[in-house]
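All values below come from the heavy atoms of this structure, side chains included, with hydrogens, waters and symmetry mates left out.
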Amino acid sequence: MPSRSLVVIGALLLAVPAFAADAKSAAEVQPRIDKPAAEVRPRVDHHLRQVEDLSQHFESVISRPCPRFAAPGGWQAYFDGEVDRVVLLWAHVEQAWIEAKQTGDDEVRRAAKAPRKHLEDARALLDKLQTCAADNGASFSQGTVWRKIEREVPRRQAQIALPQPDAAAAPRQ
């Protein structure tokens, strides 16, 4: 006589194919939105401009000498502002891709993927800030900062997402 655990495992193995047959694929649950590129491109471009502006800021911070602060509070405020800009950069990169996925246009999608390389700017910035922290008598753990950034990105992304045109508000003809 089979053990009780073998019977349970066997029942589960028989149930999985039946469950899978009833399950809907992700494509069935969430249909692909296929908006025209002309509608999606301005939204993607908005996020790409923001990414470019932030990247230029990071390049200037990296190329300049470390700022000096007389009080620890000054350093902390500066540091928090730079980390917030990293969160904003990452949120715009992600949001550009979310917008681009609403069209099948390959050019728009390629444009939205391109700024992912700017996430390396954020890594270089944190390396520079590590040096600047030491110069200001402070320190931080990059791992802790990255975890904070990862937690904050979705919240910031929700804040920066452009409002969708409301089809219900459109005048009827």
Side-chain angles (χ1 to χ4, degrees), residues 25-64 66-67 69 72-133 136 138-171:
S25 73
E28 292 172 321
V29 172
Q30 188 175 21
R32 178 185 164 132
I33 301 170
D34 211 9
K35 293 182 179 178
E39 182 180 335
V40 174
R41 186 64 192 233
R43 300 173 69 82
V44 169
D45 286 346
H46 164 77
H47 295 292
L48 298 181
R49 281 190 302 277
Q50 299 302 312
V51 168
E52 191 58 39
D53 289 348
L54 288 162
S55 292
Q56 287 176 4
H57 168 78
F58 293 153
E59 287 172 11
S60 72
V61 170
I62 291 167
S63 66
R64 289 185 305 204
C66 291
F69 297 92
W75 161 254
Q76 193 61 51
Y78 173 78
F79 177 75
D80 291 344
E82 292 306 319
V83 170
D84 188 58
R85 284 182 183 92
V86 172
V87 170
L88 189 56
L89 171 82
W90 194 342
H92 277 293
V93 167
E94 293 297 323
Q95 195 60 35
W97 177 239
I98 285 173
E99 298 287 351
K101 289 191 299 185
Q102 295 183 25
T103 185
D105 186 277
D106 289 338
E107 184 179 321
V108 172
R109 287 171 166 245
R110 273 192 296 279
K113 281 185 177 181
R116 291 190 178 279
K117 68 179 184 255
H118 290 297
L119 294 177
E120 289 302 315
D121 296 342
R123 286 174 179 72
L125 175 73
L126 284 185
D127 289 342
K128 170 73 180 252
L129 291 176
Q130 191 92 58
T131 301
C132 294
N136 282 281
S139 65
F140 64 91
S141 162
Q142 284 199 24
T144 301
V145 172
W146 278 115
R147 285 188 293 279
K148 176 185 177 185
I149 291 167
E150 289 171 353
R151 280 191 316 270
E152 291 293 318
V153 166
R155 181 185 59 78
R156 183 59 65 84
Q157 197 173 336
Q159 292 172 346
I160 64 162
L162 298 170
Q164 294 289 331
D166 185 9

Should the pair Arg155-Glu152 be classified as a salt bridge under the 4.0 Å nitrogen-to-oxygen rule?
yes
Exam field: side chain Arg116 to backbone Val93, donor-acceptor pair closer than 3.5 Å
no
Contacts of type side chain to side chain donor-acceptor pair (under 3.5 Å), residue Arg123, not counting sequence neighbours
none
Just so I know, are the side chains of Cys132 and Trp75 near enough to count as touching, which here means a heavy-atom distance under 4.5 Å?
yes
Measure the spacing between CD of Gln130 and OG of Ser141 and express it to the nearest 0.5 Å.
8.0 Å
Do Glu82 and Arg85 pass the salt bridge (charged side-chain N to carboxylate O under 4.0 Å, His left out) test, and can you show the C-alpha distance, the side-chain angles, and the key distance before you say yes or no?
CA-CA 5 Å; Glu82 292 306 319; Arg85 284 182 183 92; 3.0 Å; yes
Spacing of CG belonging to Leu119 relative to CG belonging to Leu125, to within rounding of 0.5 Å
12.5 Å
Would you say the side-chain atoms of Lys128 pair up with the backbone N or O of Ser63, donor to acceptor, closer than 3.5 Å?
no
Inter-residue atom distance Lys113.NZ - Asp106.CG, 0.5 Å rounding:
9.5 Å
Determine the minimum heavy-atom distance between Pro42 and Ala37, stating which atoms define it.
CD-O, 4.4 Å
Stepwise, does the side chain to side chain contact (heavy atoms under 4.5 Å, CB included) test hold for Val108 with Gln102?
CA-CA 10 Å; Val108 172; Gln102 295 183 25; over 6 Å; no
Taking the side chain as every heavy atom from C-beta outward, state whether Ile160 and His92 have any pair of such atoms under 4.5 Å apart.
yes
Minimum-distance pair of heavy atoms, taken over all atoms of Asp34 and Gly104:
OD1-N, 3.0 Å
So which of Ile149, Thr144, Val145 actually passes side-chain contact (heavy atoms from CB on, under 4.5 Å) with Arg147?
Thr144
Tell me, do His46 and Gln95 make a side-chain contact under 4.5 Å, heavy atoms counted?
no
Minimal non-hydrogen separation, Pro67 against Asn136, with atom names
O-ND2, 2.9 Å
Value rounded to 0.5 Å, distance of CG in Leu89 from CG in Asp84:
11.5 Å
According to the interplanar angle, ranging from 0 to 90°, do the rings of Phe69 and Tyr78 count as parallel (below 30°), tilted (30 to 60°) or perpendicular (above 60°)?
tilted
Would you give the length of the straight line joining atom CG of Leu126 to atom OG1 of Thr131, rounded to the nearest 0.5 angstrom?
11.0 Å
Will you find, in the side chains of Glu94 and His47, an N or O donor that is under 3.5 Å from an N or O acceptor?
no
Do you know the tightest heavy-atom contact between Thr103 and Pro36?
OG1-C, 4.0 Å
Apply side chain to side chain contact (heavy atoms under 4.5 Å, CB included) to the pair Arg41 and Glu107, showing each step before the final yes or no.
CA-CA 9 Å; Arg41 186 64 192 233; Glu107 184 179 321; 3.9 Å; yes
Can you classify the ring geometry of Phe79 versus Phe140 as parallel (below 30°), tilted (30 to 60°) or perpendicular (above 60°)?
tilted
Given side chains that start at C-beta, do those of Leu48 and Asp45 come closer than 4.5 Å, heavy atoms only?
yes
Show the nearest heavy-atom pair for residues Ile62 and Ala124, with the distance to one decimal.
CD1-CB, 3.7 Å
Under a 4.5 Å cut-off applied to non-hydrogen side-chain atoms, are Asp127 and Gln142 in contact?
yes
Considering all heavy atoms, the nearest Val44-Ala100 contact
CG2-N, 3.7 Å
